[in-house]
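Reviewing the structure listed below.
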Amino acid sequence: QVQLVESGGGLVQAGGSLSLSCVASGRTFSVYAMGWFRQAPGKEREFVAAISRSGTTTDYADSVKGRLTISRDNVKNTVDLQMNSLKVEDTAVYYCAAALSLRSSWTTRSLHEYNYWGQGTQVTVSS
């Protein structure tokens, strides 16, 4: 089992920044690729960003590319999402997720390949 706990959400004005963090406990963190997803009211959960277990490969949704940065620390068992130039449409509950990875450079955008999920943290961007 892996337990994931997100933090760092809140209310910010459009154009501002927020930093989300996810702390993992339980099984060895470094065997998991990590991802961030988000879900806005009335919409399906969608992929935001992912990072390989080694940290060498990252992937971003087109809607956030250039504004959000995912990173991880395999010593502290954390994965962070730095969000800059936030837009109203970034408003959502953000979820951290872990996917068991057999290759150090592998990432995935598929929700179904993630084994563990956090409880989510709310990000609200006002105009």
Are any side-chain N or O atoms of [X] and backbone N or O atoms of [Y], one a donor and one an acceptor, separated by less than 3.5 Å?
X: Thr78; Y: Val23; value: no
X: Asn77; Y: Phe29; value: no
X: Thr28; Y: Ser30; value: no
X: Glu6; Y: Gly120; value: yes

### Query
Taking the side chain as C-beta and beyond, is there a heavy-atom pair between Thr56 and Ser104 under 4.5 Å?
no
### Message
With heavy-atom distances below 4.5 Å as the criterion, would you say the side chains of Ile51 and Thr107 are in contact?
### Response
no
Between [X] and [Y], what is the shortest heavy-atom contact and its length?
X: Asp73; Y: Lys76; answer: OD1-N, 3.0 Å
X: Trp106; Y: Ala33; answer: O-CB, 3.6 Å
X: Ser63; Y: Arg67; answer: O-NH2, 2.9 Å
X: Ser85; Y: Ser17; answer: N-OG, 4.4 Å
X: Ala97; Y: Leu4; answer: CA-CD1, 3.8 Å
X: Ser127; Y: Ala14; answer: CA-CB, 4.5 Å

Transitively linked via ILVMFWY side-chain contacts under 4.5 Å: [X] with [Y]?
X: Tyr95; Y: Leu81; answer: no
X: Val2; Y: Leu111; answer: no
X: Val125; Y: Val93; answer: no
X: Val64; Y: Phe37; answer: no

Could you work out, with salt bridge (Lys or Arg N to Asp or Glu O under 4.0 Å) as the rule, every residue matching [X], not counting sequence neighbours?
X: Lys43; answer: none
X: Glu46; answer: Arg38
X: Arg45; answer: none

[atom1]-[atom2] distance between [X] and [Y], expressed to the nearest 0.5 angstrom:
X: Met34; Y: Ser71; atom1: CE; atom2: OG; value: 11.5 Å
X: Ile70; Y: Trp36; atom1: CD1; atom2: CH2; value: 8.0 Å
X: Thr58; Y: Leu68; atom1: OG1; atom2: CG; value: 12.0 Å
X: Tyr114; Y: Cys96; atom1: OH; atom2: SG; value: 9.5 Å
X: Glu113; Y: Leu100; atom1: CD; atom2: CG; value: 11.0 Å

### Query
Does the side-chain hydrogen bond (donor to acceptor under 3.5 Å, both in side chains) test come out yes or no for Asp80 and Gln82, once each step is laid out?
CA-CA 6 Å; Asp80 296 331; Gln82 177 63 41; over 6 Å; no
### Query
Do any pairs count as a disulfide (SG to SG under 2.5 Å) and have a residue in residues 29-72, sequence neighbours left out, and if so which ones?
none
## Note on the structure
side-chain contact (heavy atoms from CB on, under 4.5 Å) filter on Arg109, not counting sequence neighbours, yields Phe47, Asp59
### Task
Using a cut-off of 6.0 Å, state whether more than 12 heavy atoms not belonging to Glu89 lie near its atom CD.
yes
### Message
Between Asp90 and Lys87, is the salt bridge (charged side-chain N to carboxylate O under 4.0 Å, His left out) condition met? List the steps.
### Response
CA-CA 5 Å; Asp90 293 320; Lys87 304 176 180 180; over 6 Å; no
### Summary
Asn74 meets the side-chain hydrogen bond (donor to acceptor under 3.5 Å, both in side chains) criterion, sequence neighbours left out, with Arg72
